[in-house]
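Notes follow the structure.
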Amino acid sequence: MLIQLLDVDYFLNGNKPVLRIFGKTENNKTICCLYDKFLPYFFVRKTEENLRKIEELNLNYALEKKFLAIGYSEEPTNVIKIVLNDPKSVPNLREMFNESFDSDILFKYRFMVDMDLKGMCWYEFEGSPIKTHLSKVPTFDMKSIKPVDKNGNAELKFMCIDIECLQTDFSRQIDSKKDSIIMISLSFFPNYKNYEKLVLVAKPFSGKNSIGHVDEKEMLEAFLKIIEDYDPDVVTGYNIMSFDLPHILDRLKKYDLSPAIGRSDKIVFSRPAQITGKSDNKLQVQDITIPGRIVFDSYQILKRDVNIRLHRYDLGTVVRELIGEKKGDVKFQEIPSLWKGDVQKLIDYAERDAVISLKLVLERRLLDKFIEISKISGVLLQDSFGGQTVRIETLVMHEFKRRNMIMPLKPSKQMLDKRAEEKIKGATVLDPKKGLHKTCTLVLDFQSLYPSIIKVYNVSPDSLVFGETSVKCNTSPTGAKFVSGDIYNGVFPTIIRELVDTRQRVKKLMKLSEGEDKRVLDAKQHAIKILANSMYGYCGYIRARLYTHEIANSITAYGRSNIEKTKNVVEKNFPAEVIYGDTDSLFLKTDITDMEVAKDLGESISKFASQGELVFEFEKIYKSFLILAKKRYAGWKFVKSDKGWEEKIEMRGIETVRRDWCKLVTETMNSVINIMLKEGDTKKATDLVKTILQDILDGKAPIEKLIIIKGITKSIDSYDGTMPHIELAKKMRNRNPRDPPKVGERMEYIITRGKDLISKRAEHPEYVAKYNIPIDSEYYIYNQLLPPIERILSSVGIERSELFGGGKQANLMSMFTNKVSPVTICSSCGKIHRRPPLSMVCDCGTSVALRT
DNA sequence: GCTACTCGGGG
DNA sequence: GTGTACGAGTAGC
């Protein structure tokens with residue numbers, strides 16, 4: 001029978017482990033395979049002392065020869081393989097030896113690597129059906145299993161969960177000990193019976209897609225029954241890992257109901273992920289696993305997706321931006337009253353949340369990428385949502401198995417401290433030639449620089465040569481030696497080569513495919529690219545098993561020497577000046593204004609400066625280019641496509657949208673950058689800023705563009721410092737004690753004019769509009785507008801004083817003095833002092849004259 | 001410019 | 001579960 005591997009775990013049968021594989025068949029049925037012929041083991045070096053210890057402990061062992069992971073060696077090392085019955089006894093046992101290998105690899109992964117099993121890949125197994133209470137799906141006693149070459153995926157069953165709770169006290173955080181669950185909203189794909197969606201209600205009620213119950217306990221029992229009955233592969237929802245699931249588990253516990261919602265009798269595993277430092281027992285990141293099923297929390301996935309950047313990650317924003325849907329409009333404070341009154345409205349709301357959460361996952365095909373990551377790296381689908389480290393280590397372990405190599409342990413605490421002190425010298429970031437460049441800037445970069453370096457110089461822990469040697473080596477700029485690739489190919493270069501080859505194949509296939517297939521292939525090629533690019537980071541990551549300081553340092557050193565060489569070669573041979581470069585890229589200023597000419601030059605430079613496998617790619621043309629500092633620039637990018645030249649403004653490191661900046665700042669920044677790049681007119685940009693400053697002073701700036709937003713995160717009395725949004729919240733509580741702003745609300749505010757602390761002058765926008773309260777021009781100019789704008793303008797040599805200078809000066813200042821009095825103005829930098837400084841010296845160093 | 005601290009999502 | 005783990009943005013120095 002063929003299965004696609006969904007999940008693996010084990011249980012103890014007597015004192016021996018039984019592995020359990022959950023898989024999907026070709027016709028989308030779920031089955032379980034049991035295998036009891038695999039035992040845990042690990043290695044220690046063969047020494048007299050170790051042998052004696054093993055005899056004393058009466059352990060099962062065998063003598064073997066294995067290659068170690070770090071350091072090149074022509075001969076394997078003598079080791080002892082210790083075999084046990086219970087995986088849980090390994091941690092204690094390994095402590096008996098001062099060094100061991102492979103002894104902290106999760107048992108299910110030990111099994112998977114040895115049997116050549118990878119997450120979400122297809123396998124053919126032989127076995128006979130057996131009856132057992134150990135799994136809730138048809139089960140087989142497995143005799144053998146082997147990989148088959150098969151594309152495509154079985155169809156998975158999705159169940160989406162969203163709960164509503166009855167919070168009894170809004171002055172604290174929600175608490176699963178005190179606050180009951182009043183609704184469990186579910187949505188399904190494919191349908192459950194004929195339900196596409198279903199809301200369970202914790203009191204008697206009848207409606208179309210809802211089922212009422214006597215109380216919370218009965219509702220929870222109904223929920224348990226449905227999950228067992230529907231038997232989902234994927235349990236999903238928005239923020240379910242940190243909210244819905246732990247809350248449900250806690251409530252189940254309260255009523256003494258079994259939390260075994262998986263495909264086996266095994267209990268759901270849940271723990272709060274350790275958060276650094278103190279924990280104010282607030283639910284943070286949880287890690288919940290359900291045996292045989294996949295828990296997929298779209299919130300956790302989306303907030304870490306670098307290709308999707310949103311300013312907020314609440315469900316409302318996410319569904320609006322990603323699938324164009326609207327969320328229901330019930331505020332959480334309204335829930336208690338709806339529960340007492342309009343229950344149907346609350347049901348509709350709960351229903352909608354579960355429906356759009358599922359739609360989000362399905363329509364955006366959020367799982368695709370992770371299925372591909374599993375197939376490539378070998379991790380279980382459930383483990384593919386985490387970081388790159390597990391992915392690389394799993395990939396490496398499969399390669400180790402083929403090479404008869406053994407794996408060092410994860411670093412101990414002491415080791416971590418030691419590693420943390422070893423600094424790795426980073427990449428070269430060239431000093432930018434700051435300012436606005438009005439002729440074409442060509443951008444070229446090395447195609448996957450670090451993976452290429454690893455490949456070209458055979459950089460790998462197992463090819464690193466210690467001490468003197470007569471073997472042929474590559475010597476890195478740091479002096480580290482790597483045995484030449486034609487003598488021995490290291491694990492890392494081999495893996496990278498395979499990844500690169502696979503990616504090329506996938507990309508070719510992609511060109512021939514369409515629609516859904518194409519999308520899956522794109523996910524795949526992208527996952528491969530990221531994985532290949534992570535190898536360098538892995539080597540320098542202190543928690544990595546194969547952390548090798550020397551390697552991380554060598555890779556960056558090769559990179560630095562490479563970009564340095566390239567810079568010289570290009571400047572010597574082409575009419576171009578290097579005005580910036582970062583890690584693997586060079587920004588070349590030319591005196592060209594014609595796109596076609598620029599393109600030709602870029603292409604010749606690319607040909608000339610590429611060196612074999614190190615390809616120096618012509619990336620793009622900026623018709624004009626503004627650079628403020630390292631890693632902060634904007635360019636007017638031109639790309640030639642079938643339809644001719646396409647253009648767009650590209651920004652890197654210049655933040656234009658931030659929640660604590662009002663709209664006016666964002667808009668002004670965008671305008672200034674646009675004018676500079678597209679019109680090359682710094683004077684026009686300066687004038688625009690002056691006009692806006694004037695508008696602020698005149699009170700002409702529209703209120704809605706001055707709104708700043710900050711959220712209330714705890715009880716407003718428990719804040720130590722004074723912050724504008726909290727002070728406003730307190731004010732609003734005084735005005736309307738019956739409906740005070742609560743935890744979780746986001747406060748919009750405007751800073752108004754006055755003599756108090758800034759935070760005391762925060763006011764609600766509606767209040768400001770209603771009573772026509774004057775805004776604090778000074779605040780908006782000095783705290784909001786000027787800091788970011790000044791960074792842009794000063795790069796082209798325009799100083800703050802110029803914004804207040806020129807013909808308008810008298811007018812501008814008089815406007816100010818008329819409205820806010822009295823003030824002192826610095827004649828040099830233009831800073832306005834509410835009171836003259838005692839020293840009579842301005843921050844800029846100039847003496848200020850009293851001019852009020 | 002650096003380090004220390006806070007907060008996110010959910011109701 | 002052969003466990004031990006965030007990450008960006010901001011305030012404060």
Side-chain angles (χ1 to χ4, degrees), chain A residues 9-12 17 40-42 82 84 86-95 100 102-111 161-168 170 172-176 179-183 237-247 266-267 269-278 280 282-287 289 291 297-300 302-304 306 309 311-318 330-336 338-339 346 349-350 353 357 386-387 389-390 409-413 416 543 655 658-660 710-714 719-721 723 742-744:
Chain A
D9 68 356
Y10 79 93
F11 60 91
L12 281 179
Y41 64 85
F42 66 95
I82 299 171
L84 316 112
D86 183 0
K88 291 187 179 61
S89 63
V90 175
N92 279 333
L93 198 57
R94 69 163 179 250
E95 293 307 314
S100 62
D102 280 9
S103 59
D104 62 350
I105 295 165
L106 292 183
F107 185 52
K108 59 185 177 190
Y109 276 104
R110 174 77 281 159
F111 170 69
I161 302 179
D162 177 54
I163 62 168
E164 308 301 326
C165 300
L166 192 64
Q167 189 168 350
T168 50
F170 282 111
R172 54 156 171 82
Q173 285 290 340
I174 197 155
D175 182 348
S176 58
D179 304 324
S180 68
I181 300 174
I182 50 176
M183 285 179 194
Y238 202 76
N239 205 23
I240 47 168
M241 282 275 200
S242 321
F243 184 70
D244 304 70
L245 291 179
H247 206 110
K266 198 159 148 186
I267 297 242
F269 180 67
S270 148
R271 61 169 177 72
Q274 192 88 326
I275 292 302
T276 41
K278 55 152 192 158
D280 49 1
K282 191 183 149 190
L283 286 181
Q284 297 262 351
V285 184
Q286 292 260 333
D287 191 358
T289 55
D297 184 339
S298 32
Y299 163 65
Q300 293 208 336
L302 289 171
K303 75 169 180 197
R304 293 193 339 222
V306 289
R309 285 275 86 130
H311 57 290
R312 299 189 59 215
Y313 284 90
D314 60 294
L315 184 59
T317 305
V318 166
V330 171
K331 292 201 185 73
F332 69 86
Q333 299 93 331
E334 302 172 38
I335 291 174
L338 289 175
W339 182 238
L346 193 55
Y349 168 76
D353 268 11
S357 300
T389 315
V390 215
L409 306 195
K410 285 188 191 156
S412 62
K413 183 80 187 68
L416 282 180
R543 295 185 195 280
E655 199 97 58
R658 269 171 55 169
R659 251 187 291 175
D660 55 342
K710 267 193 182 144
I712 301 175
T713 53
K714 52 183 183 179
Y719 280 85
D720 293 330
M723 285 182 284
K742 296 171 198 79
V743 180

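In what follows, chains carry the letters A, B, and so on, assigned in the order in which the sequence lines appear, proteins first and then strands, with residues in each chain numbered from 1. Here the structure is a predicted model, which is why all the values come from computation and not from measurement.
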Round to a whole Å and report the spacing from [atom1] of [X] to [atom2] of [N].
X: Met241(A); N: dC6(C); atom1: CE; atom2: P; result: 16 Å
X: Arg94(A); N: dG1(C); atom1: CZ; atom2: C1'; result: 11 Å
X: Glu164(A); N: dG10(B); atom1: CD; atom2: P; result: 11 Å
X: Phe243(A); N: dG9(B); atom1: CZ; atom2: P; result: 15 Å
X: Arg309(A); N: dG7(C); atom1: CZ; atom2: P; result: 11 Å
X: Tyr299(A); N: dG7(C); atom1: OH; atom2: P; result: 12 Å
X: Arg312(A); N: dG10(B); atom1: CZ; atom2: P; result: 8 Å
X: Lys413(A); N: dG3(C); atom1: NZ; atom2: P; result: 18 Å

Requested in this report: Report the nucleotide, chosen from dG3(C), dA5(C), dG10(B), that has the shortest atom-to-atom distance to any side-chain atom of Asn239(A).
Outcome: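 Looking only at heavy atoms from C-beta outward on Asn239(A), the closest nucleotide is dG10(B).
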Report task. Compare the minimum distances between each of dA5(C), dG10(B), dG9(B) and the side chain of Leu315(A), then state the nucleotide with the smallest one. Result ->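 Nucleotide nearest to Leu315(A)'s side chain: dG10(B).
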Query raised in the report: Between dG9(B) and Arg304(A), is there an OP1 or OP2 to side-chain N/O distance shorter than 4.0 Å?
Result: no
Report task. Please state whether the phosphate of dT4(C), meaning OP1 or OP2, lies under 4.0 angstrom from any side-chain nitrogen or oxygen of Lys410(A). Result ->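 So the side-chain polar atoms of Lys410(A) do come within 4.0 Å of the phosphate oxygens OP1 or OP2 of dT4(C), strictly under.
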Classify [X] by what it touches in the nucleic acid, base, sugar-phosphate, or nothing, heavy-atom distance under 4.0 Å.
X: Phe107(A); answer: base
X: Arg110(A); answer: base
X: Tyr41(A); answer: base
X: Ile163(A); answer: sugar-phosphate
X: Asp175(A); answer: nothing
X: Asp314(A); answer: sugar-phosphate
X: Asn92(A); answer: nothing
X: Pro91(A); answer: sugar-phosphate
X: Ile335(A); answer: sugar-phosphate

Query raised in the report: Quick one: side chain to side chain contact (heavy atoms under 4.5 Å, CB included) partners of Arg543(A), sequence neighbours excluded?
Result: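 Once residues adjacent in sequence are excluded, the partners of Arg543(A) under the side chain to side chain contact (heavy atoms under 4.5 Å, CB included) criterion are Leu416(A), Tyr541(A).
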Query raised in the report: Rounded to the nearest 0.5 Å, how far apart are OH of Tyr41(A) and CG of Leu84(A)?
Result: 12.0 Å
Requested in this report: Could you tell me the separation between the CG atom of Leu315(A) and the CG atom of Asp162(A), rounded to the nearest 0.5 Å?
Outcome: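 Leu315(A) CG to Asp162(A) CG: 8.0 Å, rounded to 0.5 Å.
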Query raised in the report: How far, in whole Å, is dA5(C) from dG9(C) if one measures between their P atoms?
Result: 24 Å
Query raised in the report: With rounding to whole Å, what would you report as the distance between dG7(C) and dG9(B) at their C1' atoms?
Result: 14 Å
Requested in this report: Return the set of residues passing ring-ring contact (aromatic ring centres under 6.0 Å, His included) with Phe42(A) (not counting sequence neighbours), or none when no residue passes.
Outcome: none
Requested in this report: Salt-bridge test for Arg110(A) and Asp102(A): reply yes if a basic N is under 4.0 Å from a carboxylate O, no otherwise.
Outcome: yes
Query - Pair Lys88(A) + Asp86(A): basic N to acidic O under 4.0 Å - result: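 No salt bridge links Lys88(A) with Asp86(A).
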Requested in this report: Map Arg543(A) and Asp104(A) onto DNA chain C by nearest heavy atom, then report which one ends up closer to the 5' terminus.
Outcome: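 Final value for this comparison: Asp104(A).
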